Amino acid sequence: MKLSRRLEQLPSQFFASLAGKVAAAIKEGRDIINLGQGNPDQPTPPHIIRTLQESAENPAAHKYSPFRGTDELKGAAAQFYKREYNVDLDPASEIAILFGSKIGLVELPLAVMDEGELMLLPDPGYPDYLSSVSLADVTYDTFPLLEENNFLPDYAALTPEQKKLAKLLYLNYPNNPTGGVATKEFFEDTVALAKENDIGVVHDFAYGAIGFDGYQPISFLQTKGAKDVGVELYTLSKTYNMAGWRVGFAAGNKNMIEAINILQDHLFVSLFPAIQKAAAEALLGDQSCVTSLVERYEQRRDVLIEECRRIGWEVTAPKGSFFAWLPVPAAFTSETFADYLLQEADVAVAAGNGFGKNGEGYIRVGLLVEENRIREAIRRIEKLQLFQK
Ligand SMILES: Cc1ncc(COP(=O)(O)O)c(C=O)c1O
């Protein structure tokens, strides 16, 4: 059967080929240190698992969930935003429950855009934003995230045409892949741009909990007027090591939340009620697990950056997210360097060009293996004698 145009135009998964190369190397019996992926390595905290177990025993959890998710989880999401960011949200109209934030990223263009309308996407950026472009059959332009601008977009560089045609603008801070973070002024400029040009803002806050050196990442919704123009997508995947559970939520602009909910009324009944209960426990229960997780990532980051600098690799420390964005030595491209490291050092990293053309010249390293493996990876790279001490 011929596939629909929407499916045929889906981009190929750039990182599937990396996963294939890593799997083949492991099959050969090689000890690969995989710094290429973005999958949290720690388990979900026990109190969250216990809540799921107890709730799963309760027949009330075996029924269909309310279509738009439980009041308990939406209420917990609102309380979480009040506690963490001092943002007031109405659980009924300003929160939509999601099967992970990825689904919200894909749903938003389907829910508010018509064929041919324009999305503005970051380059480099999370590759799955492009899935939403193809499925909604919309067009897109990218804006560069450059190191010299601290990986924030320069709105002055948008053309009048782009500003006129754009319907949605996607942002993501702390940023995957660059580790860049947003500032209050930048979010204020974003609200102003959105208001002037009638653009909906989608802030992907997947790494919202992960800031280093005492920095707490700021929420877009803390910005005056943010709820008039956009939504923020929050996921439990990273904050609570719940990537496999598939739970997150969108918060903010009522019209955009309602649009997501209408689409979801037709696509899903909401999540397994026991998962919603456990997610509410994650958001409102003991948060010491989050503090220790961030400390763990920060220690790994410190080891990585120290080790890189020790071997003469000039790198910048990320301020947030669990990724480091490292420059590639002059003789290589992102891809040839990633291939070289896999071949010669048994170290897997993500080539920066997989995140967009402005990712060329970088590799992305995940902080998702233990410290001793990070040290070992850099020792192996040191042996290649690529850098001058
Ligand atoms: C930037 C970014 N956004 C969204 C997601 C999706 O997260 P989830 O669907 O698990 O909530 C990820 C996952 O890696 C990500 O890196």
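Bear in mind that the values here come from a model prediction, so they are computed numbers and not experimental data. Just follow the structure's listing: the first ligand is 1, and inside any ligand the first atom is 1.
- In this structure, atom 1 (C) of ligand 1 lies nearest to the protein heavy atom D204 OD2, 3.3 Å.
- The existence of a salt bridge linking D90 and K227 is excluded, since no basic side-chain nitrogen approaches an acidic carboxylate oxygen closer than 4.0 Å.
- No side-chain N or O of Y81 forms a donor-acceptor pair with one of Q222 less than 3.5 Å apart.
- Side-chain polar atoms of N86 and K82 form a donor-acceptor pair below 3.5 angstrom.
- Listed by atom number, the atoms of ligand 1 under 4.0 Å from G100 heavy atoms are 9 (O), 11 (O).
- Residue-ligand proximity, N172 to ligand 1, at heavy-atom distances under 4.0 Å covers atoms 1 (C).
- Closest heavy-atom approach to atom 9 (O) of ligand 1 within the set Q37, R246, K238, M242: this belongs to R246.
- Using modelled atom types, one finds no donor on one side chain facing an acceptor on the other under 3.5 Å when comparing T178 with Y362.
- Between R309 and E314 there is no salt bridge, since none of the side-chain N atoms of the basic residue sits less than 4.0 Å from a carboxylate O of the acidic one.
- Shown in contact with S237 at under 4.0 Å from a heavy atom are these atoms of ligand 1, numbered in order with element: 8 (P), 10 (O), 11 (O).
- One finds no salt bridge joining E306 and R375 here, because no Lys/Arg side-chain nitrogen approaches an Asp/Glu carboxylate oxygen to under 4.0 Å.
- Below 4.0 Å from some heavy atom of Y207 lie the following atoms of ligand 1, by number and element: 1 (C), 14 (O), 15 (C), 16 (O).
- Residue-level proximity to ligand 1 for S101 is carried by backbone and side chain together, each with a heavy atom below 4.0 angstrom.
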